[in-house]
Novice: 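Here it is, the structure, as C-alpha cells.
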Amino acid sequence: MLAIGIVVDDAIVVVEAVQVKIEEGMSSKAATIAAMKEVTAPVIATTLVLVAVFIPVASMGGITGRLYQQFAITIAVSVLFSSVNALTLSPALCSILLRKQKPVGGLLGKFFAWFNRMFDKTAVGYLSFSKVVTRKMTRSLIFIVILSAGILLLGKFIPGGFIPEEDMSYFFVNIQLPNAASLQRSNAIAKKVEQILYKHKDKIKYVTTAAGYSMLSGAMTPNSAFIFVTMKDWDKRNVTVNQFVYQINKEFHKKIKGAQVFAFGPPAIPGLGSGSGFSLMLQDKSGHSPAYLAKEAQKFMASARKHPEIGSIFTTYKANVPQKFLQVNRDLALKAGVNLDDLYSVIGAFLGGTYVNDFNRFGRLYKTFIQAEPEYRVSQKDMALFFVKNKSGENVPLSALVTVKDTTGPDYTIRYNLFRSVELTGQPAQGYSSAQAMNALEDVAKTTLPPGMGYAWSNMSYQEKKASGTGNTVFIFALVFVFLILAAQYESWSLPFSILLGTPFAVFGALLFVLFARFFSSAYVNNVFMQISLVMLIAMAAKNAILIVEFANMEFEKGKSLFDAAMTAAKQRFRPILMTAFSFIFGVFPLVVATGAGAEARKVMGVALLGGMSVATFIGVFMYPMLFVFIGKLAGYEKKRDKLKAIEVDSEDGKPTNI
C-alpha cells in the first residue's frame with residue numbers, strides 16, 4: 001500500500017509538466033521534450049533521496065533490522081522502477097496520448113470548469129501568502145524553531161513501544177491453583193473456565209484445554225492448566241482479541257474462586273516468549289536458597305503492583321510446594337544384596353513410570369510403559385507392596401530400604417545467564433505502553449532488590465530493550481545520507497539545507513496525529529512502525545521541497561533574483577506538489593482504517609504518514625520558497641553569481657583577472 005502512493009508520483013510530475021507545455025501551444029512531442037528537460041533532474045533527485053533514506057535502514061541488524069529491511073527493500077525497488085518508468089515510458093505515452101484539452105460539456109464539464117476556477121483562485125492566494133512568508137523571513141524562521149520545539153514537547157506525550165500486539169484470532173488462558181493441588185481440582189477449575197468461555201459462542205470458535213501443564217513455566221504440574229482459545233474470523237465478531245481478553249479477565253476475577261485465572265494474547269513475534277506483555281527474569285547472583293528467591297520475587301511484585309503502569313504481574317514459580325522426599329538407605333540395601341541401580345529403576349518404574357518398548361498391532365505402532373495403578377500410589381504405606389530382587393533372586397520390599405519424609409521445594413527451577421532465576425510476566429495497564437511498564441519495573445528493581453539480586457529482560461522485552469534508541473540513530477543517519485546525496489546532486493553544501501529544513505514539518509505532523517489518535521486507542525505509540533514512517537517522511541517531505549527548490553535553482557541560474565526565482569518555482573510547482581501529495585495521502589488512507597491481521601501496525605504507520613504528509617504539504621508549500629531564499633542569502637548565491645559574471649566579462653575583454 002505504501003508503494004502504491006509513491007510509485008505514481010514521478011509519472012504525475014512528468015504528465016503535469018507535459019500538459020502545461022501543451023497548454024502553452026506546443027505540440028505533444030515538443031512539449032514532452034521541453035518538459036523532460038525540466039523534470040528529469042527533479043525526478044532523479046527524488047528517486048535518489050527515497051533510495052538513500054533507506055540505506056542505513058537496510059543495514060541494521062537484529063529483529064528490528066529485519067522489520068526495517070522488509071520496508072526498505074520493497075520501497076526502494078518500487079521507487080527505482082517508478083523512476084525508470086517516469087523517464088522512459090511515461091514521456092513516450094505523453095507524446096502519443098496527450099493533446100490540448102477541449103471544453104467538455106454537460107455536468108462533468110461544469111464541474112471541471114468550477115474546479116479549475118477554484119484552483120486558480122487558490123493558487124493566486126497561495127502565491128500571495130508565499131510572498132508574505134518569504135518577505136517576513138525572520139518570523140518564518142522563528143515559526144520553524146517553535147515548531148521544532150513542539151516536536152520535543154509532543155514526543156514526551158507519546159510513550160514508546162516495540163511491536164504492537166496484533167489480533168491473531170487466538171489467545172491463551174493460564175490457570176494456577178494452590179500448591180500441591182490435585183489434577184482433579186485443576187480439571188474442575190478448567191471446566192468452570194470453559195463454561196465461562198462457552199457463553200461467548202458468538203466470538204469464540206474452539207476451546208482446547210491441557211490440564212496439568214502451563215506454557216508459562218513449561219512444566220507439567222498437577223496444580224496448573226492451560227487453555228488455547230480460537231476466536232471466530234474478524235468479520236464475524238465485533239471486538240478484537242485484546243478487547244475480549246480485557247473483558248474476559250474481569251469475568252474470571254469475579255466468578256473463579258480457588259485459583260488464579262487470567263487470559264493473555266500470543267507474543268507479537270511467534271517464538272519470542274510464551275505470551276504478550278513484558279517478561280522479566282529476577283536473578284539470584286549470590287547463591288541463596290529457592291525460598292529466598294521466591295520471597296524476593298513476591299516483594300518485587302507487591303511493589304510493582306503499586307505503580308499505575310503495571311496492569312498485572314505474575315509468576316508461576318513457587319518454592320514451598322509440599323513434596324515427598326524418598327531417602328534410600330544405601331548401607332541396608334548393600335547388606336541385603338540389592339543393586340542400587342535396580343533399586344532406583346524399580347522406584348522410578350512403579351511410582352513414575354518407565355518406557356519398555358514398541359509393538360505393532362492392527363497396523364498401528366503402540367508404546368509400552370509400566371507403572372503402578374494410581375490406587376497403589378496414594379500413601380507411603382503402599383511402598384510395602386513394591387519389591388526389588390536382590391542378588392539371590394529374593395524379593396525385598398521397598399519399605400524396608402526407603403524412608404519417605406515430608407518436605408517442601410519448587411516444582412521446577414530456571415537458570416538464566418547461569419543464575420537461578422524467577423520469570424515475572426505481566427501486562428501494562430490500560431492506556432500505558434510496554435516501554436512505560438518496563439521503565440516502571442526498572443524503577444522498582446532499583447528500590448526493591450537487595451544486594452546480590454539482579455534482573456534481566458527476556459523474550460520480547462529483551463528485544464525491545466535492545467532496540468531502544470535505534471529509531472533516533474536511524475533517523476539521523478537517514479538525514480545524513482539524504483544530505484550527502486543532495487549535495488552530490490546539486491554540487492553544493494548549502495542548497496540541501498533548503499530541502500532538509502522542511503523535515504520538522506513532517507515529523508511534527510506525524511507526532512500530532514498520533515497523539516490525537518491516542519485519545520481513541522492506546523495502541524498508538526512510538527513503536528517500530530511509527531519510526532519507519534518517520535524515516536519515510538524524510539524522503540516524502542524532501543520530495544516536495546525538491547520540486548520547488550530544483551525549479552527555483554534553474555530560474556536563479558537564468559538570471560532571476562532569489563526571491564523572483566522562488567516565487568516562479570512556487571507558482572509552477574504548486575499543482576504537481578498537491579497532486580503528488582494527495583496521491584500519497586489517499587494511498588495510505590486504507591492503512592488508517594485497516595482491520596484484521598496486522599491492523600495495529602498498519603494503523604500506527606498510516607496515521608503517522610497521513611499526519612506527517614498532510615502537515616508537511618500544508619506548511620511546506622509556503623516555507624520551501626522562503627527556505628530557498630534564506631539559504632541563498634546566507635550562502636551568498638547572488639554575490640557569487642555576480643562575481644562569476646564579472647570574471648567572465650573581464651575574460652572576454654582580454655583583461656587579466658585575479659581569482
Novice: Working to the nearest 0.5 angstrom, can you tell me the gap between Phe71 CZ and Ile532 CD1?
Specialist: 4.5 Å
Novice: Mind checking whether Tyr524 and Phe520 have ring centres under 6.0 Å apart?
Specialist: no
Novice: Compute the ring centroids of Phe119 and Phe574, then answer whether they are less than 6.0 Å apart.
Specialist: yes
Novice: Below 4.0 angstrom, N of the basic side chain to O of the carboxylate: do Asp120 and Arg575 qualify?
Specialist: no
Novice: Taking NZ, NE, NH1 and NH2 as the nitrogens, is one of them in Lys131 or Asp564 under 4.0 Å from a carboxylate oxygen of the other?
Specialist: no
Novice: So that I can tick it off, tell me whether Arg573 and Glu550 are bridged by a salt bridge, with the cut-off set at under 4.0 angstrom between side-chain N and carboxylate O.
Specialist: no
Novice: Is the positively charged end of Arg641 above the ring of Phe556, judged by distance under 6.0 angstrom from the centroid and angle within 45° of the axis?
Specialist: yes
Novice: With a 3.5 Å distance limit and no angle check, can you tell me whether Thr580 reaches the backbone of Ile577 through a side-chain donor-acceptor pair?
Specialist: yes
Novice: Any donor and acceptor pair, going by atom type alone, linking the side chain of Gln572 with main-chain N or O of Phe551 inside 3.5 Å?
Specialist: no
Novice: Hey, does Val621 have a side-chain heavy atom less than 4.5 Å from the side chain of Tyr126?
Specialist: yes
Novice: Ignoring hydrogens and geometry, is there a side-chain-to-backbone donor-acceptor pair from Ser78 to Thr74 under 3.5 Å?
Specialist: yes
Novice: So, does Ser498 use its side chain to make a donor-acceptor pair with the main chain of Ile631 at under 3.5 Å?
Specialist: no
Novice: Give a yes or no answer on whether the side chain of Glu166 reaches the backbone of Glu600 with a donor-acceptor pair at less than 3.5 Å.
Specialist: yes
Novice: State whether the side chain of Ser169 and the backbone N or O of Met231 hold a donor-acceptor pair below 3.5 Å, judged by distance alone.
Specialist: no
Novice: About how many Å separate CG of Leu50 and CD1 of Ile75, when rounded to the nearest 0.5 Å?
Specialist: 8.5 Å
Novice: Tell me every residue that passes ring-ring contact (aromatic ring centres under 6.0 Å, His included) with Trp493, counting only those two or more places apart in sequence or in another chain.
Specialist: Phe483
